[in-house]
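The block underneath contains the structure these notes are about, expressed in structure tokens.
Just so it is clear: chains get the letters A, B, ... in the order the sequence lines come, proteins before strands, and each one is counted from 1. Excluded from the calculations below are hydrogen atoms, water molecules and symmetry mates; all remaining heavy atoms, backbone and side chain alike, are included.
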There are 2 protein chains.
Amino acid sequence: MKEYITIKDLAGKLGLSIGTVSKAFNPNYSDISVSTRNRILKTARELGYVPNPFARKLLKKQTLNIGIIVPEFLHSYFSEVIFSAQEAFLQQGYQTLIMSSNEDSDLEMENIKTLMNHMVDGLIISVTKTSKNHEFLNNIIQSGLPVVQFNRVSDLVDAPKVIFNDYKWAVFATEHLIEQGCRNLVHLGLSKHIPLGKQRILGFRKAMDKHQLPYSEDQIVEAGITIADGEAAMTRLLDRGIIPDGIMAAGDPLAIGAMKILKRHDIHIPSQVKVIGFTESALAKVVEPELSSISQPTSKIGKLISQILLDQIAGKPMEKSVHLIDGKLNIRESSTGLPIQ
Amino acid sequence: MKEYITIKDLAGKLGLSIGTVSKAFNPNYSDISVSTRNRILKTARELGYVPNPFARKLLKKQTLNIGIIVPEFLHSYFSEVIFSAQEAFLQQGYQTLIMSSNEDSDLEMENIKTLMNHMVDGLIISVTKTSKNHEFLNNIIQSGLPVVQFNRVSDLVDAPKVIFNDYKWAVFATEHLIEQGCRNLVHLGLSKHIPLGKQRILGFRKAMDKHQLPYSEDQIVEAGITIADGEAAMTRLLDRGIIPDGIMAAGDPLAIGAMKILKRHDIHIPSQVKVIGFTESALAKVVEPELSSISQPTSKIGKLISQILLDQIAGKPMEKSVHLIDGKLNIRESSTGLPIQ
DNA sequence: TTGTAGGCGTTATCAA
DNA sequence: TTGATAACGCCTACAA
């Protein structure tokens, strides 16, 4: 490490004591004359002095480090949320440590421990689908560490949650297809271990029931998450002779996988089958026909989770433990037949 | 911040001095009996003691912080490289601070300053296309901070570079189209301010010359970077009556934008026009027909840049200042007419 | 083999 | 309004 200017150097150069110099950098000290403060600040700038953050962190009982753990980076969703949160934290002087669990509960545990060793002042986590770490997390929370969950949340973990209103928007997505004339719908779902996947299923059921459309359990399939998963699920459906006239997928990749198979079987989208995705990604505008989807305000979510964590750190009383986020229905050709600009 | 166990607590519990306890955690101290070391380590584990990293950072002349600055997160390329590098750093005990300049030279300067204030031990940077910060960066380097450049590099900055062999692979990409029978090629390029964009242009020229194919300057267009840029560039070409039989794009989004316009004009891909992209992304397998492209080993690049920086920090002599990375030509339907699995 | 004490750069308390 | 000094938790000569 290169040599840095210290407060002592600065004090020496100015003929002041280090105590006085220190006060100049701490705005909540008023017992220092404006002129000396300015003099100190001026030469500090000239010399390129910056207070050593580690000395500060050692003394104060906070590290100004925040940990963020997400299950994957496959969907751009997570990078978008994270970088928005990171920006907010940095503005408040907090550093962010980002880790990916890669959908592995054990690695998730490792990540949590690593972050604890770095003495983070707070933790934001989106758990893996088979997370077995709720007990450990609760211990941490009990011990006083502020934690916020988002997206993939667990009811077993006692920390505030920021989640998309999956139920509501799954209803909207399904109803959109019904409005377009679909009667024989299929839902391509995520793993049933993921609560938000369950909400999307419930939303699908709700819409079907509301419009009195009959459906069998075969029409709700646990497909997975990737394009390949979507392909496999669609293939299984076709093999069993199930040809829907509408597909409501719990994710864009699933929808795109299904579309690939349909096209391979010369089943036309959207005239024969209409398709809608979820958690819109850049892929939606690339696939053909362009995919209708539900977009989530990732930037807003990032800001919100950082704000809630910061509030907790500041000791503000929590207003509510569940924050429900709304999205947007983006209608494109895959569900209407109309090319929309 | 919650209360942490300190070395003093541990020493008290064990009836030892803090000095002895400290040595137990420092492997290069041999003047401590194996039995007491084990005893210390055991109770440390039981009590959940971890050395306070900030006290350590204050004492030692290093912060164990690394800064990474990238121009954008639009392409998954950057997230992939970064997370691979971060993993490598974390294994060596280094924290990573990631910042995006959002293609803005001023913000880039801010980012550099922020990271300097966090006293990073090293900096990895991929500069913005209009970066005006080479002088500032050189000052930092002069002052002793290890710096590594990657992807978007500047010859004006005196730091080792890790770059893709854009020239070579641009030749390959172009020759691939020529081998497929294309004679009237067009190159959709990045901004001319980006050196790697220039290399791709040179590669294109080289391949054309080598195969004695004539071309005008109109066939090398500075398109931009996004899908919309690709659309605009292709539209301009068609308006001027230029219909190529092959398109070599400097990025997947550009290729996809061009494909959109071609399809809108009922120009068939690949029978009438063959297309190849660059820096393969997830989009390549979603667009129709699937896009041939050049993939870069992002994970390997991440590992390499971290290794080079770590070596510099350790004071090892640098072997070479430019590291050239090779990629892979992934041939798909857009350039051949053959659906490839 | 173990213990002691000074110091890393900062802030906070109290005295001047 | 300014200055002196004791912490924060750790490492490391050096002494015991």
Original post:
Can you tell which of D:dT1, C:dT11, C:dG9 lies closest to the side chain of A:Lys60?
Top reply: C:dT11
**OP:** Report yes if some heavy atom in the side chain of A:Ile141 is under 4.5 Å from a heavy atom in the side chain of A:Asn138; otherwise report no.
**Re:** yes
Original post:
Taking only side-chain nitrogens and oxygens of B:Thr36, does any of them come within less than 4.0 Å of OP1 or OP2 of C:dT2?
Top reply: yes
Original post:
Choosing from C:dT10, D:dT1, D:dA13, which nucleotide comes nearest the side chain of A:Arg56?
Top reply: C:dT10
Subject >> Pair B:Tyr49 and B:Phe25, ring centroids less than 6.0 Å apart >> reply: yes
Original post:
Rounded to whole angstroms, how far apart are CZ on B:Arg37 and P on C:dT2?
Top reply: 10 Å
**OP:** Round to a whole Å and report the spacing from OH of A:Tyr4 to P of C:dT10.
**Re:** 12 Å
Original post:
According to a strict under-4.0 Å criterion, is A:Ser33 in side-chain N/O contact with OP1 or OP2 of D:dT2?
Top reply: yes
Original post:
To the side chain of B:Ser17, which of D:dG9, C:dG3, D:dC10 is closest?
Top reply: C:dG3
Original post:
Any side-chain N or O of A:Thr6 under 4.0 Å from OP1/OP2 of C:dC8?
Top reply: no
Subject >> A:Thr20 side-chain proximity, nearest of D:dG3, D:dG9, D:dT1 >> reply: D:dG3
Original post:
Of all the nucleotides listed (D:dG9, C:dG9, C:dT2), which has the minimum atom distance to the side chain of A:Leu59?
Top reply: C:dG9
**OP:** Mind calculating the distance between CG (B:Leu58) and P (D:dC10) to the nearest angstrom?
**Re:** 12 Å
Subject >> Closest to the A:Asn26 side chain, choosing from C:dT2, D:dT12, C:dT11 >> reply: C:dT11
Original post:
From D:dC11, C:dA12, D:dT12, pick the nucleotide closest to the side chain of B:Tyr29?
Top reply: D:dT12
Subject >> Separation of C:dT2 C1' from B:Arg39 CZ (nearest whole Å) >> reply: 12 Å
**OP:** Measure from the side chain of B:Ile18, starting at C-beta and using heavy atoms only, and say which of D:dC8, C:dA5, C:dG3 lies closest.
**Re:** C:dA5
Original post:
If we only count heavy atoms from C-beta on, is the A:Ile68 to A:Gln86 side-chain gap below 4.5 Å?
Top reply: no
**OP:** Nearest whole angstrom, please: distance from the P of D:dC10 to the CD1 of B:Ile40.
**Re:** 13 Å
Original post:
Which part of the nucleic acid does B:Tyr49 contact within heavy-atom distance under 4.0 Å: base, sugar-phosphate only, or nothing?
Top reply: sugar-phosphate
Original post:
Which residue lies toward the 5' end of DNA chain D, B:Asn28 or A:Val21, if each is placed at its nearest nucleotide?
Top reply: A:Val21
**OP:** Using the six-membered ring wherever Trp is involved, compare the ring planes of B:Phe78 and B:Phe150 and label them parallel, tilted or perpendicular (cut-offs 30° and 60°).
**Re:** perpendicular
**OP:** For A:Lys8 and D:dG3, give me the distance from atom NZ to atom C1', rounded to whole Å.
**Re:** 15 Å
Subject >> Heavy-atom donor-acceptor pair, A:Ser22 side chain to A:Ile18 backbone, under 3.5 Å >> reply: no
Original post:
Whole Å only: how far is the CG atom of B:Leu14 from the P atom of C:dG3?
Top reply: 10 Å
**OP:** Could you work out which one of C:dG3, C:dC8, D:dC10 sits closest to the side chain of B:Lys23?
**Re:** C:dG3
Original post:
Do B:Ile112 and B:Ile125 have side-chain heavy atoms sitting under 4.5 Å apart?
Top reply: yes
Original post:
The side chain of A:Ala55 lies closest to which of these nucleotides: C:dT10, C:dT11, C:dG3?
Top reply: C:dT10
Original post:
Is the phosphate of D:dG9, meaning OP1 or OP2, less than 4.0 Å from a side-chain N or O of A:Lys57?
Top reply: no
**OP:** Measure from CG on B:Asp31 to C1' on D:dA16 and round the result to the nearest Å.
**Re:** 13 Å
